[in-house]
A.B. asks: 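Below you'll find the structure I mean.
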Amino acid sequence: MNIEHLLSSTISQVINELFGLSGIPNDIILQKTKKEFEGDFTLVTFPYIKAAKATPEKTGELIGEQLLKNNPSIIKFNVVKGFLNFSLSNDFWLSEFKSISNESDYGIKPAKSSGKQMMLEYSSPNTNKPLHLGHVRNNLLGYSVATIMKTQGHDVIKVNLVNDRGIHICKSMIAWKLFGNGETPKSSGLKGDHLVGKYYVEFDKVYKKEIQTLVDGGMSKEDAEKQSPIMLLTQQMLLKWEANDKETIDLWKMMNGWVYEGFEVSYKKLGVDFDKMYYESNTYLLGKEIVQEGLSKNVFYKKENGSICIDLTAEKLDEKVVLRSDGTSVYITQDLGTAIERFKEFPAISRMIYTVGNEQDYHFKVLFKILEKLGYAWAKECYHLSYGMVELPEGKMKSREGTVVDADDLMDGMVATAKETTEELGKVEGFTKDELDYLYQTIGMGALKYFILKVDPKKKMLFDPKESIDFNGHTGPFIQYTHARIKSILRKFEGKSSEIIIDDNINLLDKEKELIKLQYDFPKILEESSNSYNPAVVANYIYELTKLFNQFYNECPVLKEENNTIKEFRIKLINTTANIIKNGMLCLGIDVPERM
RNA sequence: GGUCCCGUAGCUCAGCUGGAUAGAGCAACAGCCUUCUAAGCUGUGGGCCAUUGGUUCGAAUCCAAUCGGGGUCACCA
């Protein structure tokens, strides 16, 4: 039982005895006392003044007096208006710290101990262009949320649904066929996904030019978009692909192969991975039977032109086509099929999470609603982890217009900056070349990942390429640096921190107590972060802890402390701090170096 | 236009399941390295929490309206 629960029940008991308020459950609102006031926890007494028939001050006094008698851990209290601030004893916090420091992975529950299995889909790239900053946010977010959910003992299956077919894929194929002259990643020296992306852009250039020519010749823009020769060729190619034409399939396989090689490199740099890959070329036909099923259940209806629809106007959504009049699938048909397939394959999953940008909020509302109407009980377990777009100062990124921040360029740039900065500071004597490479990689990626994950996923975020991502202040490298500092002290300590037995008579200083109190919060932070699918909660907490440690570091000597019991206690204290920083950062997919 | 999301310091963000004088970082200015790594610490200035009204003992937080920004409303994905 944690402290708050214990205190809450004591308080509700006290309130009950004093004022005869029996209806008060254990969910007494207890908050951390603000810095400006003395105390550890605060009870807001306004809600009880009626029953107490007394002023807020008097009510606080009454409850406070009673608490002192009932709970030996509470040693004093003060009342400011309707706020009852009370302090827990030195011994209490010290023994609390003992149990924290004895746990090797404090706050983290054993793997798969919750008995819940969850599937989380993220990344889901198109195979016609390289990854950009928007994908980076998706990947980091998905990976981090999965990792955080694992700390709660959930069995998380990470899946990637690759969008590897369709008209957009054919666009780069056609452009390569027409203008590529057999260019390959090897012959061009380009990374596979970038090479394919080059032809995607090429397609768009030619397409736009053709439209212009047609419009100049007197055609309407709408017709021109349909009549453009390159577009007609692309549509023919899609038909051939669907007819399994060998030449087309071979080309498709070759070019997709290039893209996968490129993605593999990017994923590795990002540090993300998957337990299972899905390819849309395998799943795009799924869902058609479901439509038939829905038709017979009268969830769907057939229109005069033969298309099949669902009417969701009663749900404040619109009428939605679920199957084209020519019998082919639309996007939502596939998603219906894929969802059902997944729950068949993994019947135990209790949550299906889709990490997809908020531009698709509407799509997922419709998808989940349809699943519900089809009678799948698990529909309510489907969750759209919707995140905001990454915007540039001039607005949205657009692949075709080249206004994107390329993922590989960005990552390489971060690592290069990490190298420069580190060299300027000149603190890396005695590092081997491998160690340096690892260090630059870790710091550069740490800066990028932290920059992205510290902001609430739901909110859109701004990235200005002209202003490089910082390495000072509220950043990944600051946290990494602090960790390295702690490790440096621990290396110099001529004993084993694991063998230290904490003395019972230590008198905690302010900063020491603050550190313990903040460490104590870690499990709750992980839980909250997991439940809200929000890595920013962990990110901001780790920053707070790190900042507090640096204050402690400035005020309290560790190795230079002359009193040995205090010195050993502080070693233990900074050791648990380092562990929490490390585990918290791992939740964000960020590694922390031992030295930097 | 319907609908959904957002508006907090010059900039980037916390705080939003209602609680005390709204917090960080960056940028600016002023201090701190014969003492465990200065990627650090301390201090100063900077805010009608978009506006107005409502609910409440109490509102940045909840509700409504207005203004401003964005997403979405395809037999595209």
Side-chain angles (χ1 to χ4, degrees), chain A residues 27 29 31 33-37 42 44-47 49-50 56 80-83 85 124 126 163 165-169 280 284 303 305-309 316-318 320-335 357-363 365-366 386 388-389 391 395-396 418 421-422 424-425 427 443 447 451 454-456 458-464 467 469-482 484-493 536-537 539-540 543-544 546-547 549-561 570 574 595-596:
Chain A
D27 63 338
I29 313 147
Q31 47 197 270
T33 303
K34 288 214 167 197
K35 264 229 169 98
E36 311 82 276
F37 302 93
T42 296
V44 181
T45 57
F46 287 113
I49 55 176
K50 262 188 196 162
V80 182
K81 290 185 278 183
F83 301 90
N85 307 314
S124 306
N126 291 345
N163 193 320
R165 51 133 249 133
I167 194 81
H168 51 297
I169 307 297
E280 210 188 277
Y284 83 106
K303 289 181 88 168
N305 60 15
S307 64
I308 297 175
C309 301
K316 278 187 158 184
L317 302 166
D318 303 278
K320 188 84 192 165
V321 171
V322 293
L323 200 68
R324 291 194 190 101
S325 49
D326 64 3
T328 57
S329 302
V330 291
Y331 183 41
I332 202 145
T333 324
Q334 300 168 35
D335 273 359
N358 65 10
E359 57 202 346
Q360 295 199 39
D361 284 356
Y362 177 76
H363 170 76
K365 264 188 200 163
V366 171
S386 165
M389 298 289 101
E391 290 178 6
K396 249 187 115 175
T421 310
T422 307
E424 268 170 34
L425 291 168
K427 288 196 281 197
I443 297 173
F451 176 81
K454 79 171 174 184
V455 346
D456 187 330
K458 289 194 295 293
K459 298 193 176 176
K460 65 172 186 227
M461 61 180 294
L462 190 97
F463 177 81
D464 189 346
E467 283 177 41
I469 292 174
D470 236 300
F471 283 50
N472 298 321
H474 189 180
T475 67
F478 164 68
I479 295 167
Q480 292 172 318
Y481 172 71
T482 304
R485 259 180 158 183
I486 298 175
K487 285 297 182 173
S488 168
I489 298 174
L490 293 173
R491 273 194 303 275
K492 286 177 185 156
F493 175 66
V537 172
N540 288 309
Y543 172 66
E544 222 183 303
T546 301
K547 220 165 83 90
F549 169 80
N550 276 304
Q551 291 165 5
F552 163 83
Y553 178 90
N554 248 261
E555 289 176 24
C556 307
V558 179
L559 294 173
K560 298 216 160 67
E561 170 58 46
R570 287 185 182 159
I574 68 171
R595 298 189 288 159
M596 73 183 265

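Remember, it's a predicted structure, so these values are computed and weren't measured experimentally. Below, chains carry the letters A, B, ... as their sequence lines are ordered, and counting in each starts from 1.
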A.B. asks: Whole angstrom is fine here: how far is it from CZ in A:Phe478 over to P in B:A24?
C.D. replies: 13 Å
A.B. asks: Give one of base, sugar-phosphate or nothing for A:Thr422, where a contact means two heavy atoms less than 4.0 Å apart.
C.D. replies: base
A.B. asks: For A:Phe478, does its backbone N or O pair with a side-chain atom of A:Thr482 as donor and acceptor, under 3.5 Å?
C.D. replies: yes
A.B. asks: Tell me which nucleotide among B:A14, B:G25, B:C36 gets nearest to the side chain of A:Asn540.
C.D. replies: B:A14
A.B. asks: Under 4.0 Å, counting only non-hydrogen atoms across every strand here, what does A:Glu280 touch: a base, just sugar-phosphate, or nothing?
C.D. replies: sugar-phosphate
A.B. asks: Send over the distance from A:Tyr553 OH to B:C41 P, rounded to a whole Å.
C.D. replies: 11 Å
A.B. asks: Does a nitrogen or oxygen in the side chain of A:Lys492 sit under 4.0 Å from OP1 or OP2 of B:U37?
C.D. replies: yes
A.B. asks: Please state how far atom CG in A:Asp470 lies from atom C1' in B:C11, giving the value in whole angstrom units.
C.D. replies: 12 Å
A.B. asks: What is the distance from NE2 of A:His474 to C1' of B:C26, rounded to the nearest Å?
C.D. replies: 12 Å
A.B. asks: What is the nucleic acid contact for A:Leu425, judged by heavy atoms within less than 4.0 Å: base, sugar-phosphate only, or nothing?
C.D. replies: base
A.B. asks: A:Tyr543 vs A:His474 aromatic rings, parallel, tilted or perpendicular, using cut-offs 30° and 60°?
C.D. replies: parallel
A.B. asks: Under 4.0 angstrom, heavy atoms only, what part of the nucleic acid is A:Met461 near: base, sugar-phosphate, or nothing?
C.D. replies: sugar-phosphate
A.B. asks: Which of the following nucleotides, B:G19, B:A39, B:U21, is nearest to the side chain of A:Val44?
C.D. replies: B:G19
A.B. asks: Can you tell me the Watson-Crick or wobble partner of B:A30, both distances under 3.5 angstrom?
C.D. replies: B:U42
A.B. asks: The side chain of A:Glu359 lies closest to which of these nucleotides: B:A14, B:U72, B:A24?
C.D. replies: B:U72
A.B. asks: Could you tell me whether A:Asn85 contacts a base, only the sugar-phosphate backbone, or nothing, with contacts defined as non-hydrogen atoms closer than 4.0 Å?
C.D. replies: base
A.B. asks: In terms of base orientation, is B:C33 syn or anti, with the syn window spanning 90° either side of 0?
C.D. replies: syn
A.B. asks: When all nucleic acid strands are considered with a 4.0 Å heavy-atom cut-off, which category describes A:Val455: base, sugar-phosphate, or nothing?
C.D. replies: sugar-phosphate
A.B. asks: From CZ of A:Phe549 over to C1' of B:U37, roughly how many Å is that when rounded to an integer?
C.D. replies: 11 Å
A.B. asks: Answer with base, sugar-phosphate or nothing: what part of the nucleic acid does A:Phe451 contact at a heavy-atom distance below 4.0 Å?
C.D. replies: nothing
A.B. asks: Assign A:Ala484 to base, sugar-phosphate, or nothing according to its heavy-atom contacts below 4.0 angstrom with the strands shown.
C.D. replies: base
A.B. asks: Taking 5.5 Å and 30° as the limits, would you call A:Phe83 and the base of B:A20 a stacked pair?
C.D. replies: yes
A.B. asks: Is A:Arg485 close enough to B:A39 that one of its side-chain N or O atoms is under 4.0 Å from OP1 or OP2 there?
C.D. replies: no
A.B. asks: Please determine if a side-chain N or O atom of A:Gln551 lies less than 4.0 Å away from the OP1 or OP2 oxygen of B:U42.
C.D. replies: yes
A.B. asks: Atom CD1 of A:Ile489 to atom C1' of B:C36: distance rounded to whole Å?
C.D. replies: 5 Å
A.B. asks: Think A:Ser488 has a side-chain N or O under 4.0 angstrom from the OP1 or OP2 of B:U37?
C.D. replies: yes
A.B. asks: Could you check which of B:A20, B:U37, B:A77 has an atom nearest any side-chain atom of A:Gln360?
C.D. replies: B:A77
A.B. asks: Categorize A:Ile49 for me: base, sugar-phosphate, or nothing, with a 4.0 angstrom heavy-atom threshold over every strand shown.
C.D. replies: nothing
A.B. asks: From the set B:U37, B:C26, B:A20, return the single nucleotide nearest to any side-chain atom of A:Thr33.
C.D. replies: B:A20
A.B. asks: Does B:A24 have A:Tyr543 stacked on its base, where the ring centres are within less than 5.5 Å and the planes differ by under 30°?
C.D. replies: no
A.B. asks: Looking at every strand, decide which applies to A:Thr482 at a 4.0 Å heavy-atom threshold: base, sugar-phosphate, or nothing.
C.D. replies: nothing
A.B. asks: Separation of A:Asp456 atom CG from B:C16 atom P, in whole Å?
C.D. replies: 11 Å
A.B. asks: From B:A20, B:A39, B:C36, pick the nucleotide closest to the side chain of A:Pro557?
C.D. replies: B:C36
A.B. asks: Check whether any side-chain N or O of A:Arg165 sits under 3.5 Å from a backbone N or O of A:Glu280 as a donor-acceptor pair, and report yes or no.
C.D. replies: no
A.B. asks: Are any non-hydrogen side-chain atoms of A:Thr42 and A:Phe37 less than 4.5 angstrom apart?
C.D. replies: no
A.B. asks: Please state how far atom CD in A:Glu36 lies from atom C1' in B:G23, giving the value in whole angstrom units.
C.D. replies: 10 Å
A.B. asks: Sugar-phosphate means primed atoms, P, OP1 and OP2; the rest is base. With that split, encode nucleotides 1-9 of chain B 5' to 3' as B, S or - using protein heavy atoms under 4.0 Å.
C.D. replies: ---S--S--
A.B. asks: Taking only N and O in the side chain of A:Tyr284, is any of them less than 4.0 Å away from OP1 or OP2 of B:A77?
C.D. replies: no
A.B. asks: P atom, B:U8 versus B:U52: distance in rounded Å?
C.D. replies: 16 Å
A.B. asks: Base, sugar-phosphate or nothing for A:Val330? Non-hydrogen atoms, less than 4.0 Å.
C.D. replies: sugar-phosphate
A.B. asks: State which of B:G19, B:A39, B:U35 makes the closest approach to the side chain of A:Pro47.
C.D. replies: B:G19
A.B. asks: Choosing from B:U37, B:A77, B:C36, which nucleotide comes nearest the side chain of A:His168?
C.D. replies: B:A77
